[in-house]
**Student:** 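The structure is given below, and queries will be raised subsequently.
Proteins get letters first, then strands, A, B, ... in listed order; numbering begins at 1 in each.
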Amino acid sequence: MARYTVTSALPYANGPVHIGHLAGVYVPADIYVRYLRKKGHDVLFIGGSDEHGVPITIKARQEGVQPQDIVDKYHGLIKESFKRLGISFDIYSRTTSKTHREMASKIFRTLYDKGAFIEKDSEQYYDREAKQFLADRYITGTCPHCGNENAYGDQCEKCGTSLNATDLINPRSTLSGSAPELRATKHWYLPLDQYEPFLREWILEEHKEWKTNVYGQCKSWLDTGLQPRAVTRDLDWGIPVPVEGAEGKVLYVWFDAPIGYISNTKELCPDTWEKYWKDPDTKLIHFIGKDNIVFHCIIFPAILKAEGSFILPENVPANEFLNLENEKISTSRNWAVWLHEYLDEFPGKEDVLRYVLTANAPETKDNNFTWKDFQDRNNNELVAIYGNFVNRAVVLTHKYFGGKVPVPGTLLPEDLELTGELAVLKSNIESSIENYRFREALKETMNIARMGNKYLTDTEPWKIYKENPERVATVLNLCLQIAANMKVLSEPFLPFSSEKLASILNAPLIAWDDAGKADLLPAGHVLGKPELLFEKIEDEAIEFQLRKLADTKIANEKINYIPAPQKSSIQYEDFSRMDIRIGTILEAVKVPKTGKLMKMTVDTGLDKRTIVSGIAEYFTPEELPGKQVCVLANLEPRVIKGITSQGMILLAEDSDGKLIFVSPENIVRNGSSVS
RNA sequence: GGCGAGGUAGCUCAGUUGGUUAGAGCGCAUGAUUCAUAAUCAUGAGGUCCGGGGUUCAAUUCCCCGCCUCGCUACCA
């Protein structure tokens, strides 16, 4: 018996959980832990909500409530829906818990006391209108070396000098446009660069077996070179930095969140939690999505290593992403299948979702969920293969043997082959699960039912019953044994159906290692009431979902779009200083080596000038010439990627981020003023 | 733009440490069958293994270039 600590990424509590989260993290993690438990291992499955960080404060501000209200709402919703889907967490807690606050503080403090952090005092700019400290790149000003008036807080692009924001003359906040004030602040950095040799050895040498996407990304980070990373923030929502003189500062959410795994373990096992985190015999497994790789493979292990007494993860099986009907799942665009809605709309079909998301899991590359595929897999696989096989075996037994498991006769070669294959399939399922290949494991599980269907067709008990009832007894006995094996071996994937099958067979769920054999049900055992394991999903239900997606996609784009709050008042004079003209784009080329920049020549009526704009993702150079646009003409020129941009083209940004030109309704003479 | 992962049958995916006819499930076609939720079983059709070069006796598999998708990151007056 081995000991396992299995974690699944903490969902961020600013929205409900959708099928992408499930397919990527929670369903595979649940399969894994259910399997380990069935094998008799000592395993803890740790989950919880991640409730700190800036996005939650922004959402709270938008909705006019407190951050606590936001996280209370979503934590409850998420916890409840996980439970309903049978995600078998041993604990699902939250990072606003008392235990977590203490644990995160303690770990920070330990590192602090060990001198593991770099402490940096600095004067940082604070935007009084936006009410926050500004990161360097949110500040522009005049370069002290070359006099460029549009240098960034971290670097002047004109002379190439690296700067500190405090070096700038006449700094401005790019958030509000106002002049920020200097405030002294202090932050703590984890010098990741110091852990590079350790990480390199540990990952690149000792964990070559990790999935290629995980290993590749870690290697990329390590080869690029790691930088010290700030682990504190100036913010009023989070865990206070437990150090004197750190008032108003909180732990960076990515420092505190993974510690939540530890805190939640402690909350569950106040006395014994340490053996799950500090005993070298314990295997720690993190289930995550691919966007989380660096935090779980680089930063969190560095924190654990710095602390010194914790074990490191054995594996970090990160999945890719799931698309929905060929489009990226998006919370903000409401393009998702929400778990709590699915559970309401498909009652009793928890396993169908679990099945489809496993059979189609994005294990090696991004995958696509479609409702048609969902229906097909239910109707053609769960119903037709698994459910149907069980039903055939049970109905025939009731018909010929009064619902009692018949006494088997002498086994023929084909019977022995069947039982031999059963053991093979079981072992295939085991090795697949242990290697995090759940899709394959599920397929092998279904092959057991396929094998049963074929066996029934080959032996044709309904034909031979009259002349050879003894043979039929053997055949049906074996079929029921196969069904009993299905019940056990499919339980990690389809726990609800296994319960149901247990009741149909009137036999309890047994341990994993007792399966794989053809003697699970004794002769004479009385079966339970026959009922269908799965039912067909009709076209109407699928059409409803597709219509709903189409509708909510349109509706929510309009309803959910929250315009940015109005900026502070200005005088007419401020406005009148802006010289906005109508101009015509003459030519356009993409700026090489950039993702978004387009270099255009624009006839402003005043002159023909060069303007660089970040629109290349939305327009091709070919479609631009001839277009009339509004140009902010008297904007100070600015060097972008070595090109001097003389002005700015006005664009509207749609709710989905798409850019649209602000153009005159009719053709206007170039140089016309806009006011 | 840099880096990482992926691009294989209509769909979802395996696989090839380079080697005769590239696999599975679903879908489709044909046949068998009727115990079963028109479910099952068998057989079959379907693929310039993203494109172009190169190395090799031989490349889908190795190398180079390019295109596409996703992620991280940079940039986006």
**Student:** What is the distance from CZ of Phe295(A) to P of rC72(B), rounded to the nearest Å?
**Tutor:**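 Rounded to whole Å, this separation is 9 Å.
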**Student:** Look at all strands and tell whether Lys219(A) reaches a base, only sugar-phosphate, or nothing, counting heavy atoms closer than 4.0 Å.
**Tutor:** nothing
**Student:** For rG53(B) and rG10(B), measure between their P atoms and round to the nearest Å.
**Tutor:** 24 Å
**Student:** Once you apply a heavy-atom cut-off of 4.0 Å, does Lys536(A) come out as touching a base, just sugar-phosphate, or nothing?
**Tutor:** base
**Student:** Is the shortest distance from a Lys or Arg side-chain nitrogen in Arg200(A) or Asp223(A) to a carboxylate oxygen in the other one below 4.0 Å?
**Tutor:** yes
**Student:** Is there any protein nitrogen or oxygen under 3.5 Å from a nitrogen or oxygen in nucleotides 27-29 of chain B, and what are the pairs?
**Tutor:**
from	atom 1	to	atom 2	distance (Å)
rG27(B)	OP1	Asn380(A)	OD1	3.3
rG27(B)	OP1	Asn380(A)	ND2	3.1

**Student:** Nearest whole angstrom, please: distance from the C1' of rU33(B) to the OH of Tyr455(A).
**Tutor:**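 My rounded result for the distance is 18 Å.
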**Student:** Quote, to the nearest angstrom, the P distance that separates rU69(B) from rU8(B).
**Tutor:**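 About 14 Å, rounded to a whole number of Å.
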**Student:** Between rU60(B) and rC75(B), how many Å separate the two P atoms, rounded to a whole number?
**Tutor:**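 The same atom, P, in both gives a distance of 42 Å.
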**Student:** Taking the side chain as everything from C-beta on, heavy atoms only, tell me whether Gln545(A) gets closer than 4.5 Å to Leu549(A).
**Tutor:** no
**Student:** At 4.0 Å (heavy atoms only), tell me whether Val294(A) reaches a base, stays on the sugar-phosphate, or touches nothing.
**Tutor:**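 Counting heavy atoms under 4.0 Å across all strands, no contact is made by Val294(A).
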**Student:** Rounding to an integer number of Å, can you tell me how far Ile293(A) CD1 sits from rU73(B) C1'?
**Tutor:** 14 Å
**Student:** Considering all heavy atoms of both residues, which atom of Cys297(A) and which atom of Leu199(A) are nearest to each other, and what is their separation?
**Tutor:**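 Distance-wise, the nearest heavy atoms are O-CD2, 3.9 Å.
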**Student:** Which heavy atom of Pro461(A) sits nearest a heavy atom of Val472(A), and at what distance?
**Tutor:**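 Where Pro461(A) meets Val472(A) most closely, the heavy atoms are O-CG2, 3.5 Å.
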**Student:** Here's a test for you: under side chain to side chain contact (heavy atoms under 4.5 Å, CB included), which of Leu635(A), Ile580(A), Val612(A), Ile611(A) qualifies with Met648(A)?
**Tutor:**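 Only match with Met648(A) under side chain to side chain contact (heavy atoms under 4.5 Å, CB included): Leu635(A).
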**Student:** I'd like the C1' distance from rU56(B) over to rC62(B), given in whole Å.
**Tutor:**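 Approximately 10 Å lies between the C1' atom of rC62(B) and that of rU56(B).
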**Student:** Measure from CD on Glu460(A) to C1' on rA36(B) and round the result to the nearest Å.
**Tutor:** 14 Å
**Student:** If you measure from the P atom in rA39(B) to the same atom in rU30(B), how many Å do you get, rounded?
**Tutor:**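 Straight-line distance between the two P atoms is 16 Å.
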**Student:** Give me the distance, rounded to whole Å, that separates rG23(B) from rC49(B) when you measure between the P atoms they each carry.
**Tutor:**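 The same atom, P, in both gives a distance of 14 Å.
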**Student:** Measure the distance from CG on Asp458(A) to P on rA32(B) and round it to the nearest whole Å.
**Tutor:**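 Atom-to-atom, Asp458(A) to rA32(B), this comes out as 17 Å.
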**Student:** Atom CG of Leu322(A) to atom P of rU12(B): distance rounded to whole Å?
**Tutor:**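 Answer to the nearest Å: 11 Å.
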**Student:** Quick one: which protein N/O atoms are closer than 3.5 Å to N/O atoms of nucleotides 67-71 of chain B? Pair and distance per line, please.
**Tutor:**
from	atom 1	to	atom 2	distance (Å)
rC70(B)	O4'	Asp366(A)	OD2	3.2
rC70(B)	O2'	Lys290(A)	NZ	2.4
rC70(B)	O2'	Asp366(A)	OD2	2.8
rG71(B)	OP1	Lys328(A)	NZ	3.3
rG71(B)	OP2	Lys328(A)	NZ	3.3

**Student:** Could you please name the partner base of rC49(B), counting Watson-Crick and G-U wobble pairs only when both distances are under 3.5 Å?
**Tutor:**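 rC49(B) is unpaired by these criteria.
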**Student:** Between Phe534(A) and Ala359(A), which residue's closest nucleotide on RNA chain B lies nearer the 5′ terminus?
**Tutor:** Ala359(A)
**Student:** Please say whether the positively charged group of Lys208(A), taken as NZ for Lys or CZ for Arg, lies over the ring of Tyr215(A), i.e. under 6.0 angstrom from the six-membered ring centre and within 45 degrees of the axis.
**Tutor:** no
**Student:** List in numerical order all residues of residues 461-475 of chain A for which some heavy atom is under 4.0 Å away from an atom belonging to RNA chain B.
**Tutor:** Trp462(A), Lys463(A)
**Student:** Do you know the tightest heavy-atom contact between Leu533(A) and Ser497(A)?
**Tutor:**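 Minimum heavy-atom contact is CD2-O, 3.5 Å.
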**Student:** Is the base of rG46(B) syn or anti, if syn means a glycosidic angle within 90° of 0?
**Tutor:**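 Classified syn.
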**Student:** Examine distances only and state if a side-chain atom of Gln375(A) and a backbone atom of Ile537(A) form a donor-acceptor pair shorter than 3.5 Å.
**Tutor:**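 Looks like yes, one N/O pair under 3.5 Å.
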**Student:** If the condition is ring pair (Phe, Tyr, Trp, His ring centres under 6.0 Å), which residues does Phe255(A) pass it with, not counting sequence neighbours?
**Tutor:** Phe108(A)
**Student:** Looking only at the aromatic ring of each residue, does the gap between the centers of Phe374(A) and Phe346(A) stay below 6.0 angstrom?
**Tutor:** yes
**Student:** Quick check: closest heavy atoms across Lys211(A) and Pro317(A), and the distance to 0.1 Å?
**Tutor:**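 Closest approach of Lys211(A) to Pro317(A), heavy atoms only: CD-CA, 4.1 Å.
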**Student:** When the distance from CD of Glu538(A) to P of rA38(B) is rounded to whole Å, what number comes out?
**Tutor:**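 Between P of rA38(B) and CD of Glu538(A): 11 Å.
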**Student:** Looking only at atom C1', what distance separates rA59(B) and rU20(B), rounded to whole Å?
**Tutor:** 15 Å
**Student:** Over all strands shown, is Asn388(A) touching base, sugar-phosphate only, or nothing at heavy-atom distances under 4.0 angstrom?
**Tutor:** base
**Student:** Tabulated below should be each protein N or O lying under 3.5 Å from an N or O of nucleotides 23-25 of chain B; please produce it.
**Tutor:**
from	atom 1	to	atom 2	distance (Å)
rA24(B)	O2'	Lys443(A)	NZ	3.3
rG25(B)	O3'	Arg450(A)	NH2	3.1
rG25(B)	O2'	Arg450(A)	NH2	3.4

**Student:** Which pairs, protein N/O on one side and nucleotides 14-16 of chain B N/O on the other, fall under 3.5 Å?
**Tutor:**
from	atom 1	to	atom 2	distance (Å)
rA14(B)	OP1	Thr364(A)	OG1	2.2
rA14(B)	OP1	Arg439(A)	NH2	2.6
rA14(B)	OP2	Thr364(A)	OG1	3.4
rA14(B)	O5'	Arg439(A)	NH2	3.3
rG15(B)	OP1	Arg437(A)	NH2	3.4

**Student:** Quantified in whole Å, what is the P atom distance between nucleotide rC26(B) and nucleotide rC72(B)?
**Tutor:**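 Here rC26(B) and rC72(B) have their P atoms 36 Å from each other.
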**Student:** Can you tell me how far CZ of Phe369(A) sits from CD of Glu327(A), rounded to the nearest 0.5 angstrom?
**Tutor:** 14.5 Å
**Student:** Rounded off to whole Å, could you give me the CG-to-C1' distance for the Leu456(A) and rU40(B) pair?
**Tutor:**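 Rounded to the whole Å, the gap is 9 Å.
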**Student:** Does Asp366(A) come within less than 4.0 Å of Lys290(A), counting only side-chain N to carboxylate O?
**Tutor:** yes
**Student:** Do any N or O atoms from the side chain of Arg354(A) and from the backbone of Phe493(A) form a donor-acceptor pair under 3.5 angstrom?
**Tutor:** yes
**Student:** Indicate, with a heavy-atom threshold strictly under 4.0 Å, whether Leu533(A) touches base, sugar-phosphate, or nothing.
**Tutor:** base
**Student:** Given rU12(B), rU37(B), rG4(B), identify the nucleotide with an atom nearest to the side chain of Ser220(A).
**Tutor:**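 Shortest atom-to-atom distance from the side chain points to rG4(B).
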**Student:** Does Thr212(A) make a side-chain N or O approach to OP1 or OP2 of rG6(B) shorter than 4.0 Å?
**Tutor:** yes
**Student:** Contact class for Tyr215(A) vs. all strands (heavy atom < 4.0 Å): base, sugar-phosphate, or nothing?
**Tutor:** nothing
**Student:** List the atom of Ala257(A), the atom of Leu10(A), and the distance in Å for their closest heavy-atom pair.
**Tutor:** O-CD1, 3.2 Å
